[in-house]
Structures are given as structure tokens and as C-alpha cells.
Amino acid sequence: MSQEKAFQASSSSVIGEASADSADGLWVGKIADKVLAEFPDQELYTCAAGISPSGIVHFGNFRDVATSYAVVCELRARGKKARFLFSWDNYDRFRKVPVGVDPSFSRYIGMPLTSVPDPEGQFPSYARRFEAEFEESMKDLGITLDYRYQTQEYQSGRYTDKIAFALQNRAQAAEIQLQFKTDKGNQEKGIDPETFRQTYFPVTVYSRFSGTDKVQVLSYDGGTKLTYRCLMTDKVEQIDFRETPVVKLPWKLDWAMRWGEEQVHFEPSGKDHMTPGGSFDVNAAFAREMFGRKPPVPQMYEFVGIQGVKGGKMSGSKGGAISPAMLLEIYEPTLLKWLYMRRSPMQSFNLAFDTEVYRQYDEFDREVASFQRGEASPARQKILQFSGVTQTDPAPLAFKQAVALGQITQWQPEKLRELAEKSEIPCSAASIAARLPKAQAWLTRYNPEEIIALRDGPNADYAAGLDDKRRAQIAALSAFLKGDVTSIPALDETLYSIPKDPALTDKETKVAQRGFFKDVYNLLIGKDAGPRLSTFLWAIDRAKVLALLAI
RNA sequence: GACCUCGUAGCUCAGCUGGUAGAGCAUCUGACUUUUAAUCAGGGGGUCGCGGGUUCAAAUCCCGCCGAGGUCACCA
């Protein structure tokens with residue numbers, strides 16, 4: 001992009017005008033335009049994301065990563081060097097005990113997340129437990145992040161000078177804070193601007209007596225010494241935070257400091273941060289007025305919804321939080337990335353655990369197919385590529401079929417493959433291997449009511465309602481199954497021919513066939529419909545079937 | 001109180017910088033000696049939340065209103 005165009009691209013805080021480089025109209029192109037306009041000619045572009053590991057990192061937080069990831073991909077596609085920085089805000093305080101965690105953990109409230117033990121005792125800390133799961137998922141998704149652990153960064157002393165700087169300018173910091181507080185809010189909270197100015201210290205101190213941030217800062221010596229009172233023990237001490245790194249900047253300053261420290265050019269955030277007067281605005285003011293640096297290009301994103309999660313089945317202990325790892329149980333990595341990146345961050349969408357998943361897989365498969373035929377528009381093509389789809393991805397097994405056929409083959413890939421071949425369903429072995437476990441998890445963990453199970457014994461109630469003619473049809477089927485069934489098509493033909501009668505018209509024959517299928521389904525699985533009968537009968541245990549058909 | 005998003009076919013949604021309303025599913029019809037949780041072709045179905053405005057032209061831009069959801073003003 002030329003300088004001239006870059007300047008035209010806009011300086012508003014929302015997505016800018018389209019330019020030649022974003023001719024495809026894709027949201028990510030517009031963001032990239034904006035980044036390049038705000039920060040032209042950088043050696044290295046830094047896109048950031050960050051999460052506080054205060055509990056299960058849920059699927060909504062993943063939008064932070066997905067959005068930034070798309071911008072990284074776009075910048076690289078334009079020949080820029082870009083890195084993807086991810087901050088674990090694990091030096092944040094433990095705020096509340098989540099549902100499912102031992103209530104006694106309330107004694108850790110106020111401590112850094114890295115000082116709270118793992119409730120299950122498996123990980124070095126509370127924070128690490130959730131970080132580890134998330135990092136594992138990012139690996140599965142093929143997203144490489146440059147991780148920063150804020151506890152380490154703070155304790156290493158890396159930020160000491162910045163903390164001192166903030167303290168030295170605490171009057172200005174107080175002023176900036178006040179700028180964004182409303183009179184009404186001040187009244188409600190009993191904040192008096194004058195006292196605030198005098199008592200405000202822009203730091204959080206983790207008491208060396210209690211380990212918590214329930215601390216009152218008493219004085220600052222202008223260098224690196226700070227005196228505080230631990231409110232839990234009422235003890236007072238002076239520390240030199242250069243040697244005793246227990247001091248942290250509060251969020252509304254911390255963020256701005258890190259933008260400068262890491263040279264961040266783009267960072268998305270949820271609307272909790274982006275609301276006017278919210279933490280982005282405050283940090284942007286700190287960045288400009290105190291650190292003398294532009295804030296990164298922001299992008300607000302809408303939250304992601306979830307549907308089809310049945311009550312108790314979910315990890316109810318964790319208050320129903322859904323992590324990317326859980327999503328990856330049922331979504332292929334490429335599909336999941338595609339779902340997050342295909343729409344503008346401002347567009348909300350739903351992830352699903354119910355039959356909606358069928359639609360998402362189908363839509364994705366069609367999209368990939370059109371891409372592979374070279375028919376996808378540049379914008380759609382780009383998103384697919386960012387998601388990791390390639391020209392040579394093997395033919396997919398429809399998810400619906402993975403579920404249906406998976407069940408009747410006891411989830412054995414080789415058997416399914418054989419069945420697919422015999423039934424002339426085209427799909428690759430690779431896709432079977434990838435999707436079968438997802439289909440199994442989807443069905444057994446989240447949609448057990450969809451399971452097709454052979455009855456334990458004959459359906460006597462249903463059989464009682466059958467007349468002689470229909471009983472005869474069932475008997476004919478049994479007889480056929482006792483013999484040598486050579487192929488699925490042969491079985492198929494027999495199934496259709498059994499109810500046929502020269503006396504019936506075509507229409508009547510169809511009705512008779514439908515009735516016959518219904519009878520068989522009811523006898524076998526107690527439902528009016530099921531998987532295609534020929535395939536089903538071919539695959540399932542013959543002796544069991546014969547027992548169920550013996551009425 | 002401020003701000004944000006959404007409101008387009010029965011359902012889920014596309015519609016980028018304005019130019020005669022789109023897709024998938026569902027439904028209906030038909031084809032395949034086969035109305036099966038696996039095929040194919042075709043059809044029907046929308047006053048684009050409501051009311052103004054700008055324009056030769058608005059689902060698309062502007063203003064107002066209604067409805068749904070959300071965020072902040074504590075902390076992060």
C-alpha cells in the first residue's frame with residue numbers, strides 16, 4: 001500500500017474505508033489497511049491477544065485469538081513480517097471461587113492466579129491448569145502463539161522502571177482516571193475527586209504477609225521504595241520493588257504499558273473493554289498522555305453464542321463453561337477456525353452441540369468443494385486458506401453419515417470404509433479417521449437421544465398390531481437374511497420387492513413399501529425411521545436381527 | 001444514563017464502497033424398475049421491524065421510533 005492511500009484509509013476508530021488492498025471487502029483486509037495506515041513501514045508487526053486464566057478459558061475468549069490470528073495471516077499475505085503475541089494475565093488477582101471449586105478456596109481470593117493451587121492438584125497452579133488446556137487446543141488448531149506469562153514478566157523485574165514511572169506520575173494518572181469517571185458513579189461509590197487525587201497510587205501490591213492484594217499503599221519515595229499496610233494482618237513494611245517484585249500495575253495502566261513494551265499494533269477485545277469510557281479508552285489515554293505512544297488499532301468483537309448444550313451432561317461442575325477443547329471434540333480444527341473467521345468480528349454467531357452441527361459441516365464441505373473447483377470468490381478463498389484448508393484436502397465424509405454409519409460399524413474406521421465403498425459413498429480414509437471420533441463424541445456425549453440402538457428383545461407390543469400379510473413380509477425378510485446375502489444392492493432390491501404385489505398400483509406399492517420399512521424399524525430399533533435399511537441390515541449383527549424379527 | 005449489535009422466505013442466515021431481493025434447510029412437484037436419517041432436477045414462498053429524509057435509484061447512506069440481546073459507569 002502506498003503512503004498516500006494509507007493516510008486516506010481513515011483515522012476513525014472503527015474499520016476504515018476500503019482500499020485497493022481490501023478489494024475483496026473482507027473485514028480482515030480493512031483492519032490490515034488500518035494497521036498499515038496507523039503504523040506504516042514497521043519491521044515487524046505485532047498482533048496481540050490476551051486472557052486472564054481465571055477459570056476455564058471458554059470459547060468466547062477464543063474469538064480474541066481468532067480475530068488477531070486472521071490479521072496476522074492477512075499481514076503476512078501482504079508480505080509483512082508479523083508475530084502473534086499472547087499474554088496470559090496470570091498475575092491478576094483471583095477474584096472469586098467458580099462453581100464446582102471447593103468453597104474453601106475463598107481463602108485465596110486476592111492472590112495472584114499463579115499463587116492459587118490447582119484444585120485438582122495436578123498442575124503447579126490454578127492458572128496453569130487452564131492455560132495448559134488452552135495451549136493444547138491452540139496446538140490442535142495449528143495456531144502458533146508467542147506466549148507471555150505476566151507473573152514471570154512482573155517478577156523478572158522487566159517492568160520495574162515502568163512501575164516507578166507510573167508512581168512518579170501518579171498525579172497525572174489520577175487525573176486521567178478521573179476524566180473517565182462519571183459524577184454519578186463517583187457519588188454512588190462515594191469517591192471524592194480531591195481525596196482520590198491525594199491517595200491514588202497506580203499500583204497493586206501483593207502483601208508479603210498475606211499474599212493478597214488487600215493492601216493500602218501509604219507512601220512512595222520517588223524511586224523504587226514503597227510502604228504499604230497489609231489490611232489482613234495490619235502489618236506495615238517498606239519494600240524496594242526492584243528487589244521484591246510484588247507490585248503490579250492495575251489493568252487500566254498495565255495494558256497501555258504493555259502496548260509500548262511489546263510494540264503492539266493490533267489488538268482485538270470484547271465489548272466489555274471497548275465500551276466508551278471503558279478500559280480501552282482509559283488505557284488509550286494513558287498510552288498517549290503518559291507513555292507518548294499511539295494505542296494499537298482496536299477491534300471490538302461480539303460474543304459468540306452456544307446452542308444445543310443439554311443441562312447436566314456438560315461439565316456442570318464448572319458452571320457449564322465450554323472450552324475450545326470441548327469444541328474440538330466435535331469440530332474439526334479447520335472448520336472451527338473457519339466459523340470464527342468467516343464473519344466480521346462484530347457479527348455474533350452460534351456454535352452448536354445439537355443437530356445444527358450437521359449444517360455447519362455440510363456448509364463447510366460445500367465451501368471447500370467450491371474452493372477446490374476454483375469457484376470460490378477471493379474473499380471466501382482467503383478465509384478458507386487462513387483456516388488451513390488446502391487445494392488437496394481429501395474428500396470429506398459428511399458428518400451426518402459419520403454419525404449414522406459410525407454407529408452401525410461400532411466406530412471402526414476400516415469397517416466404515418468398507419461400508420462406504422459398498423454403498424458407493426465417496427469419501428477419503430483420512431476424512432473418516434478425522435471425523436469418526438468427532439461424530440462419536442457428538443453422539444454419545446452430547447446427543448445420546450439420537451443414538452440408534454437395537455432393541456434388547458422383540459417388540460411384542462408393536463408385533464401385536466401387525467396383520468398376517470405384514471407378518472408374512474417380515475418372515476420373508478428373515479428367510480432372505482438366513483440365506484447368503486451377497487451384496488448391499490441385492491439386499492436393497494429384496495427389501496423393495498418383498499412388499500410388492502401384482503394387484504397393487506404403483507402408488508399403492510409405494511405405500512406398502514413405506515409401511516414395511518416402518519415395521520422393520522420398529523421391530524429393530526423401536527422407531528418409525530432409521531438409517532437406510534440395506535446398509536443397516538448389512539452391517540449389524542445378523543443373529544440379533546433374526547431374533548428381533550422372529551415374531 | 002451512555003454506547004454497541006441484531007431485526008431480510010417457516011427455520012438459520014448471506015447480501016462488501018446504493019442499481020430490478022439470495023443460499024442452505026424445511027415444504028411442494030417430478031425422475032431414478034426404489035416417498036428408507038445417502039441422489040438429481042424444478043417450483044412456490046419475502047410490503048428486507050416501523051416512519052421520515054438524501055438520491056434518477058436504498059435492504060444498503062442519514063434521522064427518529066419500536067422490539068430483542070449485550071457492555072460500561074466497581075474490578076479485570
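As the structure is a prediction and not an experimental result, all values here were calculated from the model. Below, read A as the first sequence line, B as the second, and so on, with proteins coming before strands; counting in each chain starts at 1.
Partners of A/E418 by salt bridge (Lys or Arg N to Asp or Glu O under 4.0 Å), not counting sequence neighbours, listed by chain and number: A/K422. Evaluation of the ring-ring contact (aromatic ring centres under 6.0 Å, His included) rule for A/Y340 yields A/F62, A/F349 as partners, not counting sequence neighbours. Every salt bridge (Lys or Arg N to Asp or Glu O under 4.0 Å) that A/E367 has, sequence neighbours left out, goes to A/R380. With sequence neighbours excluded, the residues satisfying side-chain hydrogen bond (donor to acceptor under 3.5 Å, both in side chains) with A/Y154 are A/D254. A/K271 meets the salt bridge (Lys or Arg N to Asp or Glu O under 4.0 Å) test with A/E302; sequence neighbours excluded. In this view, A/R470 and A/D519 satisfy the side-chain hydrogen bond (donor to acceptor under 3.5 Å, both in side chains) rule, not counting sequence neighbours. Residues satisfying the salt bridge (Lys or Arg N to Asp or Glu O under 4.0 Å) test with A/K162, not counting sequence neighbours, are A/E261.
Residue order along RNA chain B, read from the 5' end via each residue's closest nucleotide, puts A/F180 first among A/T204 and A/F180.
Closest approach to the A/M300 side chain among B/C74, B/C4, B/U34 is made by B/C4 (side chain taken as heavy atoms from C-beta onward). Nearest nucleotide to the A/M346 side chain, out of B/C13, B/A37, B/U5: B/U5.
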Name the pairs: protein N/O against N/O of nucleotides 69-72 of chain B, kept only if under 3.5 Å.
unit_1 : atom_1 : unit_2 : atom_2 : d
B/G70  : O2'    : A/K271 : NZ     : 2.9
B/U71  : O2'    : A/K271 : O      : 2.8
B/U71  : O2'    : A/T275 : OG1    : 2.8
B/U71  : O2     : A/T275 : OG1    : 3.4

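For RNA chain B, the stems formed by at least three consecutive Watson-Crick or G-U pairs, with both atom-pair distances below 3.5 Å, span B:1-7 with B:66-72, B:10-13 with B:22-25, B:27-31 with B:39-43, B:49-53 with B:61-65.
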